[in-house]
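Before any comments, here is the structure.
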Amino acid sequence: MKGTLDRTVVGLSLTATIIIVLMLLIILVNVAINGWARLSIEFLTTAPQNGMNGGGIFPAIYGTVLLVLLMSIAAVPFGVLVAIYLAEYARTESYLYKVTRLAVNNLAGVPSIVFGLFGLGFFIQTIGGGLDDGFYGGQVVFGQPSIMWASLTMAVLTLPVVIVTVEESFRSVPREYREASLALGATRLQTIFRVVLPQSWAGVMTGTILAVSRGAGEVAPVLFTGAAFFLPYLPTRPNDQFMQLGYHVYVLSTQSPDVEATKPLLYSTVLVLLVLTFLLNITAVLIRKRMRAWNAA
Amino acid sequence: MERSVKIRTTDLNCFYGETRALDGITAELVRHSVTALIGPSGCGKSSFLRVLNRMNDLIPDTRLEGRIEIDGEDIYAEATDVIDLRRRVGMIFQKSNPFPMSVYDNVAYGVRVNDLARNSKEIDRIVESTLQSAALWDEVKDRLGKSALSLSGGQQQRLCIARALAVRPEILLMDEPASALDPISTAKIEELIYELKRDYTIVIVTHNMQQAARVSDETAFFLSGRLVELSDTKQLFTMPSERETEDYITGRFG
(Lines give C-alpha, C1' and ligand atoms only; values in the text may rest on other atoms or scores of the structure.)
Protein backbone atom coordinates (compact mmCIF):
# COMPACT_ATOMS: atom_id res chain seq x y z
CA MET A 1 0.00 0.00 0.00
CA LYS A 2 2.69 2.37 1.10
CA GLY A 3 4.90 1.33 -1.79
CA THR A 4 2.15 2.07 -4.31
CA LEU A 5 1.67 5.59 -2.99
CA ASP A 6 5.40 6.12 -3.12
CA ARG A 7 5.61 4.99 -6.72
CA THR A 8 2.62 7.13 -7.68
CA VAL A 9 4.15 10.30 -6.27
CA VAL A 10 7.49 9.60 -7.90
CA GLY A 11 5.74 8.88 -11.18
CA LEU A 12 3.71 12.07 -11.00
CA SER A 13 6.63 14.32 -10.25
CA LEU A 14 8.68 12.67 -12.97
CA THR A 15 5.87 13.22 -15.47
CA ALA A 16 5.55 16.85 -14.45
CA THR A 17 9.28 17.34 -14.90
CA ILE A 18 9.24 15.72 -18.32
CA ILE A 19 6.32 17.91 -19.42
CA ILE A 20 8.22 21.05 -18.40
CA VAL A 21 11.34 20.01 -20.26
CA LEU A 22 9.28 19.01 -23.29
CA MET A 23 7.52 22.37 -23.40
CA LEU A 24 10.83 24.19 -23.43
CA LEU A 25 12.19 21.83 -26.06
CA ILE A 26 9.16 22.26 -28.30
CA ILE A 27 9.46 26.03 -28.13
CA LEU A 28 13.17 25.98 -28.81
CA VAL A 29 13.10 23.43 -31.60
CA ASN A 30 10.12 25.08 -33.26
CA VAL A 31 11.73 28.50 -33.17
CA ALA A 32 15.13 27.19 -34.22
CA ILE A 33 13.86 25.20 -37.21
CA ASN A 34 11.49 27.84 -38.51
CA GLY A 35 13.75 30.75 -37.71
CA TRP A 36 16.92 29.33 -39.14
CA ALA A 37 15.79 29.40 -42.75
CA ARG A 38 15.36 33.15 -42.98
CA LEU A 39 18.40 34.00 -40.83
CA SER A 40 21.28 35.63 -42.68
CA ILE A 41 23.85 38.36 -42.36
CA GLU A 42 21.54 40.51 -44.44
CA PHE A 43 18.65 39.88 -42.04
CA LEU A 44 20.79 41.02 -39.12
CA THR A 45 22.14 44.12 -40.83
CA THR A 46 19.28 45.67 -42.80
CA ALA A 47 16.09 47.49 -41.96
CA PRO A 48 12.58 46.11 -42.53
CA GLN A 49 11.19 46.71 -46.02
CA ASN A 50 7.87 46.50 -47.88
CA GLY A 51 5.70 47.24 -44.87
CA MET A 52 7.43 44.67 -42.65
CA ASN A 53 7.15 41.89 -45.22
CA GLY A 54 10.83 41.91 -46.07
CA GLY A 55 14.25 43.13 -45.11
CA GLY A 56 15.90 42.60 -41.75
CA ILE A 57 15.75 43.69 -38.16
CA PHE A 58 18.90 45.75 -37.72
CA PRO A 59 17.15 48.83 -36.24
CA ALA A 60 15.45 46.62 -33.65
CA ILE A 61 18.75 44.98 -32.64
CA TYR A 62 20.41 48.37 -32.51
CA GLY A 63 17.57 49.84 -30.46
CA THR A 64 17.54 46.93 -28.04
CA VAL A 65 21.30 47.13 -27.47
CA LEU A 66 21.15 50.89 -26.99
CA LEU A 67 18.20 50.52 -24.65
CA VAL A 68 19.92 48.03 -22.35
CA LEU A 69 23.14 50.04 -22.46
CA LEU A 70 21.45 53.25 -21.32
CA MET A 71 19.41 51.26 -18.84
CA SER A 72 22.60 49.78 -17.32
CA ILE A 73 24.23 53.19 -17.07
CA ALA A 74 21.26 54.32 -15.01
CA ALA A 75 20.49 51.17 -13.03
CA VAL A 76 23.93 49.82 -12.10
CA PRO A 77 25.47 52.79 -10.24
CA PHE A 78 22.17 53.47 -8.53
CA GLY A 79 21.73 49.81 -7.61
CA VAL A 80 25.29 49.57 -6.30
CA LEU A 81 24.71 52.60 -4.07
CA VAL A 82 21.52 51.09 -2.65
CA ALA A 83 23.34 47.79 -2.13
CA ILE A 84 26.13 49.61 -0.29
CA TYR A 85 23.56 51.16 2.00
CA LEU A 86 21.75 47.88 2.63
CA ALA A 87 24.82 45.71 3.12
CA GLU A 88 27.26 48.10 4.77
CA TYR A 89 25.44 50.87 6.58
CA ALA A 90 21.86 49.94 7.41
CA ARG A 91 21.19 48.11 10.64
CA THR A 92 18.89 45.24 9.81
CA GLU A 93 16.49 46.13 12.62
CA SER A 94 16.18 49.78 11.58
CA TYR A 95 12.94 51.09 10.12
CA LEU A 96 14.57 52.49 6.98
CA TYR A 97 16.22 49.13 6.24
CA LYS A 98 12.92 47.29 6.53
CA VAL A 99 11.12 49.79 4.32
CA THR A 100 13.89 49.65 1.69
CA ARG A 101 13.90 45.86 1.80
CA LEU A 102 10.13 45.80 1.37
CA ALA A 103 10.31 48.28 -1.50
CA VAL A 104 12.98 46.28 -3.32
CA ASN A 105 11.10 43.00 -2.91
CA ASN A 106 7.80 44.48 -4.03
CA LEU A 107 9.34 46.33 -6.93
CA ALA A 108 10.48 42.93 -8.21
CA GLY A 109 6.91 41.65 -8.09
CA VAL A 110 5.18 44.51 -9.90
CA PRO A 111 3.82 43.50 -13.35
CA SER A 112 5.93 45.04 -16.07
CA ILE A 113 3.01 46.79 -17.78
CA VAL A 114 2.63 48.81 -14.58
CA PHE A 115 6.19 50.01 -15.03
CA GLY A 116 5.27 51.05 -18.54
CA LEU A 117 2.38 53.11 -17.26
CA PHE A 118 4.56 54.50 -14.49
CA GLY A 119 7.14 55.56 -17.06
CA LEU A 120 4.47 57.26 -19.15
CA GLY A 121 2.95 59.06 -16.18
CA PHE A 122 6.07 59.91 -14.24
CA PHE A 123 8.93 60.27 -16.70
CA ILE A 124 7.16 61.45 -19.84
CA GLN A 125 4.21 63.45 -18.58
CA THR A 126 5.50 64.74 -15.26
CA ILE A 127 9.25 65.18 -15.78
CA GLY A 128 9.32 65.47 -19.57
CA GLY A 129 6.22 67.64 -19.65
CA GLY A 130 7.62 69.72 -16.81
CA LEU A 131 10.85 70.26 -18.71
CA ASP A 132 8.94 71.28 -21.81
CA ASP A 133 6.80 73.75 -19.89
CA GLY A 134 9.75 75.14 -18.02
CA PHE A 135 12.40 75.39 -20.73
CA TYR A 136 10.74 75.05 -24.12
CA GLY A 137 7.64 77.17 -23.64
CA GLY A 138 5.29 74.22 -23.90
CA GLN A 139 6.77 72.93 -27.14
CA VAL A 140 7.00 69.13 -27.04
CA VAL A 141 10.65 68.09 -26.75
CA PHE A 142 10.97 65.74 -23.79
CA GLY A 143 7.30 65.20 -23.05
CA GLN A 144 7.03 62.36 -25.56
CA PRO A 145 8.07 58.71 -25.72
CA SER A 146 11.82 58.37 -26.33
CA ILE A 147 14.77 56.06 -25.80
CA MET A 148 15.82 58.06 -22.75
CA TRP A 149 12.53 57.63 -20.91
CA ALA A 150 12.24 54.01 -22.01
CA SER A 151 15.73 53.29 -20.65
CA LEU A 152 14.92 54.93 -17.33
CA THR A 153 11.65 53.03 -17.08
CA MET A 154 13.49 49.78 -17.82
CA ALA A 155 16.10 50.77 -15.22
CA VAL A 156 13.41 51.03 -12.55
CA LEU A 157 12.19 47.58 -13.55
CA THR A 158 15.63 45.95 -13.37
CA LEU A 159 16.86 47.80 -10.28
CA PRO A 160 15.78 45.06 -7.83
CA VAL A 161 17.85 42.48 -9.74
CA VAL A 162 20.95 44.67 -9.50
CA ILE A 163 20.40 45.55 -5.86
CA VAL A 164 19.81 41.99 -4.69
CA THR A 165 22.75 40.51 -6.62
CA VAL A 166 25.22 43.19 -5.59
CA GLU A 167 24.08 43.17 -1.98
CA GLU A 168 24.51 39.41 -1.87
CA SER A 169 28.04 39.66 -3.19
CA PHE A 170 28.85 42.42 -0.68
CA ARG A 171 27.65 40.20 2.12
CA SER A 172 29.81 37.33 0.90
CA VAL A 173 32.98 39.36 1.47
CA PRO A 174 34.37 37.96 4.73
CA ARG A 175 34.05 40.13 7.83
CA GLU A 176 37.75 39.57 8.51
CA TYR A 177 38.70 41.78 5.58
CA ARG A 178 36.57 44.61 6.82
CA GLU A 179 37.98 44.27 10.32
CA ALA A 180 41.55 44.18 9.03
CA SER A 181 40.96 47.32 7.03
CA LEU A 182 39.26 49.23 9.84
CA ALA A 183 41.92 48.13 12.33
CA LEU A 184 44.52 49.73 10.06
CA GLY A 185 42.84 53.09 10.41
CA ALA A 186 40.85 52.99 7.19
CA THR A 187 37.48 54.72 7.20
CA ARG A 188 34.32 52.81 6.40
CA LEU A 189 34.16 54.39 2.98
CA GLN A 190 37.78 53.50 2.21
CA THR A 191 37.06 49.96 3.34
CA ILE A 192 34.08 49.71 1.01
CA PHE A 193 35.83 51.13 -2.02
CA ARG A 194 39.24 49.53 -1.57
CA VAL A 195 38.39 46.13 -0.10
CA VAL A 196 34.70 45.25 -0.42
CA LEU A 197 33.91 46.58 -3.89
CA PRO A 198 36.99 45.10 -5.64
CA GLN A 199 36.00 41.76 -4.12
CA SER A 200 32.45 42.13 -5.40
CA TRP A 201 33.11 43.13 -8.99
CA ALA A 202 31.93 39.72 -10.19
CA GLY A 203 28.68 40.26 -8.34
CA VAL A 204 28.26 43.66 -9.91
CA MET A 205 28.92 42.11 -13.33
CA THR A 206 26.43 39.33 -12.70
CA GLY A 207 23.80 41.80 -11.55
CA THR A 208 24.36 43.91 -14.63
CA ILE A 209 24.04 40.99 -17.01
CA LEU A 210 20.93 39.64 -15.30
CA ALA A 211 19.42 43.12 -15.53
CA VAL A 212 20.41 43.38 -19.19
CA SER A 213 18.96 40.01 -20.08
CA ARG A 214 15.75 40.91 -18.28
CA GLY A 215 15.65 44.29 -19.95
CA ALA A 216 16.35 42.87 -23.39
CA GLY A 217 13.34 40.58 -23.18
CA GLU A 218 10.72 42.92 -21.74
CA VAL A 219 8.25 44.68 -23.99
CA ALA A 220 5.59 46.19 -21.75
CA PRO A 221 7.77 48.86 -20.13
CA VAL A 222 8.77 50.35 -23.48
CA LEU A 223 5.34 50.01 -25.08
CA PHE A 224 4.24 53.51 -24.05
CA THR A 225 7.60 55.02 -23.29
CA GLY A 226 9.59 54.96 -26.51
CA ALA A 227 9.37 51.90 -28.75
CA ALA A 228 8.34 52.67 -32.30
CA PHE A 229 6.43 50.56 -34.80
CA PHE A 230 8.83 51.46 -37.56
CA LEU A 231 11.50 54.12 -37.89
CA PRO A 232 13.33 55.04 -41.07
CA TYR A 233 16.33 56.26 -39.03
CA LEU A 234 18.34 55.06 -36.02
CA PRO A 235 17.97 56.95 -32.75
CA THR A 236 20.76 59.49 -32.27
CA ARG A 237 19.36 61.93 -29.72
CA PRO A 238 18.04 61.10 -26.25
CA ASN A 239 14.53 62.12 -27.22
CA ASP A 240 14.39 59.97 -30.35
CA GLN A 241 12.18 56.92 -30.45
CA PHE A 242 13.64 53.51 -31.23
CA MET A 243 12.78 50.04 -32.46
CA GLN A 244 13.11 47.10 -30.10
CA LEU A 245 13.24 43.33 -30.70
CA GLY A 246 10.48 42.35 -28.30
CA TYR A 247 8.18 45.06 -29.56
CA HIS A 248 9.06 44.15 -33.14
CA VAL A 249 7.89 40.59 -32.45
CA TYR A 250 4.62 41.98 -31.18
CA VAL A 251 4.29 44.23 -34.23
CA LEU A 252 5.07 41.44 -36.70
CA SER A 253 2.59 39.07 -35.15
CA THR A 254 -0.33 41.47 -34.72
CA GLN A 255 0.03 44.48 -36.98
CA SER A 256 1.13 42.92 -40.23
CA PRO A 257 -1.19 43.32 -43.24
CA ASP A 258 -0.17 39.85 -44.41
CA VAL A 259 0.42 37.54 -41.47
CA GLU A 260 1.46 34.54 -43.56
CA ALA A 261 4.12 36.56 -45.36
CA THR A 262 5.69 37.87 -42.14
CA LYS A 263 5.74 34.50 -40.41
CA PRO A 264 9.29 33.52 -41.44
CA LEU A 265 10.50 36.96 -40.38
CA LEU A 266 8.73 36.58 -37.06
CA TYR A 267 10.39 33.24 -36.35
CA SER A 268 13.83 34.59 -37.14
CA THR A 269 13.29 37.65 -34.96
CA VAL A 270 12.22 35.47 -32.04
CA LEU A 271 15.26 33.27 -32.59
CA VAL A 272 17.58 36.29 -32.43
CA LEU A 273 15.87 37.53 -29.28
CA LEU A 274 16.10 34.12 -27.60
CA VAL A 275 19.74 33.59 -28.51
CA LEU A 276 20.59 37.07 -27.24
CA THR A 277 18.95 36.58 -23.83
CA PHE A 278 20.29 33.03 -23.46
CA LEU A 279 23.82 34.18 -24.18
CA LEU A 280 23.51 36.90 -21.56
CA ASN A 281 22.18 34.48 -18.97
CA ILE A 282 24.93 31.96 -19.66
CA THR A 283 27.53 34.69 -19.26
CA ALA A 284 26.04 35.59 -15.89
CA VAL A 285 26.16 31.97 -14.74
CA LEU A 286 29.77 31.58 -15.88
CA ILE A 287 30.87 34.73 -14.09
CA ARG A 288 29.17 33.64 -10.89
CA LYS A 289 30.84 30.25 -11.12
CA ARG A 290 34.25 31.86 -11.55
CA MET A 291 33.55 34.21 -8.68
CA ARG A 292 32.73 31.30 -6.37
CA ALA A 293 35.86 29.41 -7.38
CA TRP A 294 37.91 32.53 -6.89
CA ASN A 295 36.45 33.26 -3.46
CA ALA A 296 37.02 29.70 -2.36
CA ALA A 297 40.69 29.77 -3.37
CA MET B 1 63.88 49.59 32.37
CA GLU B 2 61.80 52.42 33.71
CA ARG B 3 58.22 51.40 34.30
CA SER B 4 55.89 53.77 32.53
CA VAL B 5 52.23 53.13 31.90
CA LYS B 6 51.04 53.10 28.29
CA ILE B 7 47.48 51.90 28.77
CA ARG B 8 45.43 52.43 31.88
CA THR B 9 41.87 51.21 32.41
CA THR B 10 39.73 52.20 35.34
CA ASP B 11 36.58 50.37 36.47
CA LEU B 12 35.93 49.13 32.98
CA ASN B 13 32.59 47.41 32.36
CA CYS B 14 31.51 46.14 28.98
CA PHE B 15 28.11 44.76 28.04
CA TYR B 16 26.83 43.01 24.93
CA GLY B 17 23.13 43.66 25.26
CA GLU B 18 22.36 42.17 28.68
CA THR B 19 25.51 40.08 28.86
CA ARG B 20 28.35 41.44 30.93
CA ALA B 21 31.66 40.76 29.19
CA LEU B 22 33.96 42.83 31.40
CA ASP B 23 33.46 43.46 35.06
CA GLY B 24 35.30 46.31 36.72
CA ILE B 25 38.69 45.98 35.04
CA THR B 26 41.32 48.26 36.48
CA ALA B 27 44.72 47.64 34.97
CA GLU B 28 47.96 49.26 33.92
CA LEU B 29 49.88 47.99 30.91
CA VAL B 30 53.53 48.94 30.67
CA ARG B 31 55.11 50.72 27.70
CA HIS B 32 57.48 48.66 25.52
CA SER B 33 56.60 45.42 27.18
CA VAL B 34 54.52 42.39 26.34
CA THR B 35 51.42 41.77 28.40
CA ALA B 36 49.79 38.38 27.97
CA LEU B 37 46.08 37.93 28.62
CA ILE B 38 45.17 34.41 29.70
CA GLY B 39 42.04 32.73 30.96
CA PRO B 40 39.40 30.22 29.88
CA SER B 41 37.20 30.81 26.81
CA GLY B 42 34.62 33.52 27.33
CA CYS B 43 36.51 35.07 30.24
CA GLY B 44 36.63 38.48 28.58
CA LYS B 45 40.24 38.59 27.42
CA SER B 46 39.33 39.10 23.76
CA SER B 47 36.70 41.68 24.69
CA PHE B 48 39.33 43.51 26.70
CA LEU B 49 41.63 43.50 23.68
CA ARG B 50 38.93 44.79 21.36
CA VAL B 51 37.89 47.73 23.51
CA LEU B 52 41.47 49.02 23.40
CA ASN B 53 41.20 50.01 19.71
CA ARG B 54 37.44 50.40 19.80
CA MET B 55 36.85 47.52 17.40
CA ASN B 56 33.98 46.73 19.76
CA ASP B 57 32.20 49.82 18.45
CA LEU B 58 31.38 47.76 15.37
CA ILE B 59 29.28 45.29 17.34
CA PRO B 60 25.71 46.54 17.79
CA ASP B 61 24.39 46.88 21.33
CA THR B 62 27.77 47.20 22.99
CA ARG B 63 27.90 49.39 26.06
CA LEU B 64 30.99 50.51 27.87
CA GLU B 65 31.45 52.05 31.30
CA GLY B 66 34.62 53.25 32.95
CA ARG B 67 37.68 54.77 31.43
CA ILE B 68 40.50 53.72 29.12
CA GLU B 69 43.52 55.94 28.74
CA ILE B 70 46.37 55.64 26.31
CA ASP B 71 49.23 57.96 27.23
CA GLY B 72 46.84 59.57 29.67
CA GLU B 73 44.21 60.35 27.04
CA ASP B 74 40.70 59.02 27.34
CA ILE B 75 40.13 57.08 24.11
CA TYR B 76 36.37 57.05 24.54
CA ALA B 77 36.22 60.83 24.92
CA GLU B 78 33.97 62.74 22.56
CA ALA B 79 36.97 64.34 20.83
CA THR B 80 38.77 61.08 20.10
CA ASP B 81 39.34 60.36 16.43
CA VAL B 82 38.55 56.65 16.22
CA ILE B 83 40.24 56.33 12.84
CA ASP B 84 43.48 57.76 14.18
CA LEU B 85 43.17 55.66 17.33
CA ARG B 86 43.00 52.49 15.23
CA ARG B 87 46.05 53.59 13.30
CA ARG B 88 47.93 54.05 16.57
CA VAL B 89 46.67 50.78 18.02
CA GLY B 90 47.30 48.00 15.51
CA MET B 91 45.59 44.64 15.64
CA ILE B 92 46.58 41.12 14.61
CA PHE B 93 43.74 38.66 14.37
CA GLN B 94 43.50 35.02 15.30
CA LYS B 95 42.94 33.92 11.75
CA SER B 96 45.47 35.57 9.48
CA ASN B 97 43.51 37.79 7.14
CA PRO B 98 45.69 39.27 4.40
CA PHE B 99 43.64 41.01 1.72
CA PRO B 100 43.30 39.13 -1.56
CA MET B 101 45.82 41.49 -3.10
CA SER B 102 49.54 41.30 -3.76
CA VAL B 103 52.01 41.07 -0.90
CA TYR B 104 53.12 44.61 -1.68
CA ASP B 105 49.61 46.06 -1.73
CA ASN B 106 48.81 44.42 1.58
CA VAL B 107 51.65 46.20 3.33
CA ALA B 108 51.03 49.43 1.43
CA TYR B 109 47.30 49.41 2.22
CA GLY B 110 47.46 51.18 5.56
CA VAL B 111 50.08 53.61 4.29
CA ARG B 112 47.80 54.58 1.44
CA VAL B 113 44.55 54.92 3.34
CA ASN B 114 46.25 57.00 6.02
CA ASP B 115 48.22 59.06 3.52
CA LEU B 116 51.49 58.32 5.26
CA ALA B 117 53.76 58.54 2.23
CA ARG B 118 54.41 61.39 -0.14
CA ASN B 119 55.24 59.29 -3.20
CA SER B 120 55.57 55.75 -4.44
CA LYS B 121 59.29 55.65 -3.62
CA GLU B 122 58.48 56.28 -0.01
CA ILE B 123 55.87 53.51 -0.05
CA ASP B 124 58.53 51.20 -1.51
CA ARG B 125 60.81 52.04 1.38
CA ILE B 126 58.12 51.53 4.01
CA VAL B 127 57.10 48.20 2.49
CA GLU B 128 60.68 46.97 2.53
CA SER B 129 61.50 48.13 6.03
CA THR B 130 58.30 46.82 7.60
CA LEU B 131 58.66 43.47 5.87
CA GLN B 132 62.15 43.36 7.32
CA SER B 133 60.84 44.22 10.79
CA ALA B 134 58.35 41.39 10.42
CA ALA B 135 61.19 39.01 9.43
CA LEU B 136 59.52 38.31 6.12
CA TRP B 137 61.53 40.34 3.61
CA ASP B 138 63.99 37.62 2.62
CA GLU B 139 61.17 35.16 1.99
CA VAL B 140 58.97 37.43 -0.12
CA LYS B 141 61.27 40.00 -1.74
CA ASP B 142 61.09 38.20 -5.07
CA ARG B 143 57.33 37.78 -5.01
CA LEU B 144 56.02 41.13 -3.86
CA GLY B 145 53.66 41.17 -6.82
CA LYS B 146 52.24 37.72 -6.07
CA SER B 147 48.95 37.25 -4.28
CA ALA B 148 49.28 37.29 -0.51
CA LEU B 149 47.06 34.22 -0.41
CA SER B 150 49.84 32.20 -2.06
CA LEU B 151 51.98 32.51 1.08
CA SER B 152 52.04 29.84 3.78
CA GLY B 153 49.93 30.28 6.91
CA GLY B 154 52.86 31.44 9.00
CA GLN B 155 54.01 33.85 6.33
CA GLN B 156 50.49 35.22 6.00
CA GLN B 157 50.38 35.97 9.71
CA ARG B 158 53.76 37.71 9.58
CA LEU B 159 52.49 39.64 6.58
CA CYS B 160 49.55 40.78 8.69
CA ILE B 161 52.02 41.91 11.33
CA ALA B 162 54.01 43.78 8.68
CA ARG B 163 50.78 45.34 7.40
CA ALA B 164 49.99 46.55 10.92
CA LEU B 165 53.53 47.86 11.46
CA ALA B 166 53.46 49.85 8.22
CA VAL B 167 51.16 52.51 9.70
CA ARG B 168 53.63 53.12 12.55
CA PRO B 169 51.40 52.14 15.47
CA GLU B 170 52.43 52.49 19.09
CA ILE B 171 50.54 49.50 20.38
CA LEU B 172 50.01 46.05 18.86
CA LEU B 173 47.04 44.00 19.96
CA MET B 174 47.34 40.33 19.11
CA ASP B 175 44.38 38.00 19.40
CA GLU B 176 45.83 34.49 19.62
CA PRO B 177 48.09 35.22 16.66
CA ALA B 178 49.68 31.78 16.56
CA SER B 179 46.79 29.52 17.49
CA ALA B 180 46.31 28.31 13.92
CA LEU B 181 50.01 27.83 13.15
CA ASP B 182 52.44 24.94 13.29
CA PRO B 183 55.19 24.94 15.96
CA ILE B 184 57.90 26.31 13.66
CA SER B 185 55.76 29.21 12.45
CA THR B 186 54.69 29.80 16.05
CA ALA B 187 58.32 30.01 17.15
CA LYS B 188 58.96 32.60 14.44
CA ILE B 189 56.04 34.71 15.57
CA GLU B 190 57.17 34.49 19.20
CA GLU B 191 60.68 35.50 18.22
CA LEU B 192 59.21 38.41 16.32
CA ILE B 193 57.14 39.51 19.31
CA TYR B 194 60.32 39.53 21.36
CA GLU B 195 62.00 41.77 18.76
CA LEU B 196 59.04 44.09 18.42
CA LYS B 197 58.60 44.96 22.07
CA ARG B 198 61.63 47.26 21.88
CA ASP B 199 59.54 49.64 19.80
CA TYR B 200 55.97 48.72 20.57
CA THR B 201 53.71 48.05 23.49
CA ILE B 202 52.25 44.61 22.88
CA VAL B 203 49.13 43.02 24.31
CA ILE B 204 48.62 39.40 23.36
CA VAL B 205 45.72 37.09 24.04
CA THR B 206 46.78 33.48 24.21
CA HIS B 207 45.24 30.16 25.09
CA ASN B 208 48.63 28.66 25.52
CA MET B 209 50.18 29.20 28.94
CA GLN B 210 53.64 28.14 27.85
CA GLN B 211 53.44 30.78 25.18
CA ALA B 212 52.41 33.41 27.71
CA ALA B 213 55.32 32.38 29.90
CA ARG B 214 57.76 32.49 26.98
CA VAL B 215 56.86 35.80 25.36
CA SER B 216 55.43 38.08 28.00
CA ASP B 217 56.81 40.35 30.69
CA GLU B 218 53.54 40.64 32.52
CA THR B 219 50.51 38.39 32.53
CA ALA B 220 46.89 39.15 33.26
CA PHE B 221 44.56 36.36 34.29
CA PHE B 222 40.89 36.87 33.45
CA LEU B 223 37.96 34.88 34.79
CA SER B 224 34.25 35.50 34.08
CA GLY B 225 34.92 39.06 32.95
CA ARG B 226 37.01 39.93 36.00
CA LEU B 227 40.71 40.63 36.08
CA VAL B 228 41.84 38.26 38.78
CA GLU B 229 45.50 39.03 38.74
CA LEU B 230 47.97 41.11 36.78
CA SER B 231 51.59 40.76 37.68
CA ASP B 232 55.07 39.92 36.51
CA THR B 233 54.88 36.81 34.35
CA LYS B 234 57.49 34.83 36.28
CA GLN B 235 55.80 35.61 39.51
CA LEU B 236 52.32 34.82 38.24
CA PHE B 237 53.35 31.41 37.00
CA THR B 238 55.48 30.48 40.00
CA MET B 239 53.87 32.23 42.93
CA PRO B 240 50.40 33.45 42.00
CA SER B 241 48.87 35.54 44.71
CA GLU B 242 45.30 34.46 43.98
CA ARG B 243 43.86 31.04 44.56
CA GLU B 244 41.89 31.12 41.27
CA THR B 245 45.05 31.86 39.29
CA GLU B 246 46.82 28.94 40.86
CA ASP B 247 43.92 26.63 40.10
CA TYR B 248 43.92 27.73 36.48
CA ILE B 249 47.66 27.51 35.80
CA THR B 250 47.96 24.18 37.53
CA GLY B 251 45.18 22.90 35.28
CA ARG B 252 42.47 22.41 37.82
CA PHE B 253 39.94 23.98 35.46
CA GLY B 254 39.64 25.84 32.18
Side-chain angles (χ1 to χ4, degrees), chain A residues 84-101 166-206 287-297, chain B residues 49-50 52-61 81-102 105-116 130 147-150 156-157 159-175:
Chain A
I84 287 179
Y85 169 74
L86 288 177
E88 302 291 325
Y89 286 99
R91 290 178 59 172
T92 45
E93 62 269 26
S94 77
Y95 187 67
L96 186 57
Y97 175 85
K98 284 179 186 156
V99 170
T100 316
R101 185 76 299 148
V166 176
E167 187 194 350
E168 201 180 296
S169 75
F170 271 29
R171 290 196 190 280
S172 74
V173 175
R175 210 170 69 116
E176 286 85 26
Y177 292 147
R178 293 187 178 82
E179 287 196 329
S181 172
L182 293 170
L184 287 165
T187 63
R188 239 165 148 172
L189 204 62
Q190 285 173 325
T191 304
I192 291 169
F193 279 98
R194 287 170 182 257
V195 176
V196 181
L197 204 53
Q199 285 258 79
S200 316
W201 73 265
V204 177
M205 286 295 291
T206 314
I287 288 181
R288 242 182 316 183
K289 237 179 162 173
R290 273 197 62 175
M291 167 175 71
R292 288 222 186 94
W294 191 73
N295 280 349
Chain B
L49 200 69
R50 293 172 70 97
L52 296 180
N53 66 346
R54 296 187 57 171
M55 284 303 274
N56 255 21
D57 291 12
L58 304 172
I59 303 170
D61 282 333
D81 178 356
V82 185
I83 302 301
D84 189 56
L85 172 77
R86 296 208 183 113
R87 186 198 61 73
R88 286 165 57 207
V89 185
M91 191 161 208
I92 314 297
F93 298 83
Q94 179 172 5
K95 202 175 134 226
S96 66
N97 55 0
F99 299 124
M101 311 169 182
S102 70
D105 286 335
N106 263 280
V107 183
Y109 183 86
V111 180
R112 287 176 178 146
V113 298
N114 288 293
D115 246 332
L116 297 178
T130 43
S147 165
L149 303 180
S150 68
Q156 287 190 16
Q157 192 60 300
L159 179 65
C160 291
I161 294 176
R163 184 175 65 183
L165 296 179
V167 297
R168 296 194 298 255
E170 300 152 26
I171 298 169
L172 282 180
L173 308 175
M174 300 185 167
D175 192 354

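Only a predicted model underlies this, so the values are computations on that prediction, with no experimental measurement involved.
For the pair B:Asn114 and A:Gly185, the tightest heavy-atom approach, listed with the atom from each and the gap, is OD1-O, 3.2 Å. Nearest heavy-atom pair across A:Ala183 and B:Phe93 is CB-CZ, 4.0 Å. Of all the heavy atoms in B:Met101 and A:Val195, the pair that sits closest is CE-CG2, 4.3 Å. Among all heavy-atom pairs drawn from A:Tyr177 and B:Pro100, the shortest one is CZ-CD, 3.6 Å. Closest approach of A:Ala186 and B:Ile83 over heavy atoms only: O-CD1, 3.8 Å. Scanning both residues, A:Glu179 and B:Met55, for their nearest heavy atoms gives O-CE, 3.4 Å.
Taking OG1 from A:Thr187 and CZ from B:Arg86, the interatomic distance works out to 10.5 Å, rounded to the nearest 0.5 Å.
With a 4.5 angstrom heavy-atom cutoff, B:Val82 does not touch chain A via any of its atoms. For B:Leu173, no part lies under 4.5 angstrom from a heavy atom of chain A. Heavy-atom distances place no part of B:Arg54 under 4.5 Å from chain A, backbone and side chain included. Heavy atoms closer than 4.5 Å to chain A are found in the side chain of B:Tyr109, but not in its backbone. Contacts of A:Arg91 with chain B are made by side-chain atoms alone, with heavy-atom separations under 4.5 Å and no backbone atom involved. Only the backbone of B:Pro98 comes within less than 4.5 Å of a heavy atom in chain A; its side chain stays farther off.
The main-chain N or O of A:Arg175 is never found under 3.5 Å from a side-chain atom of B:Asn97 such that the two would form a donor-acceptor pair.
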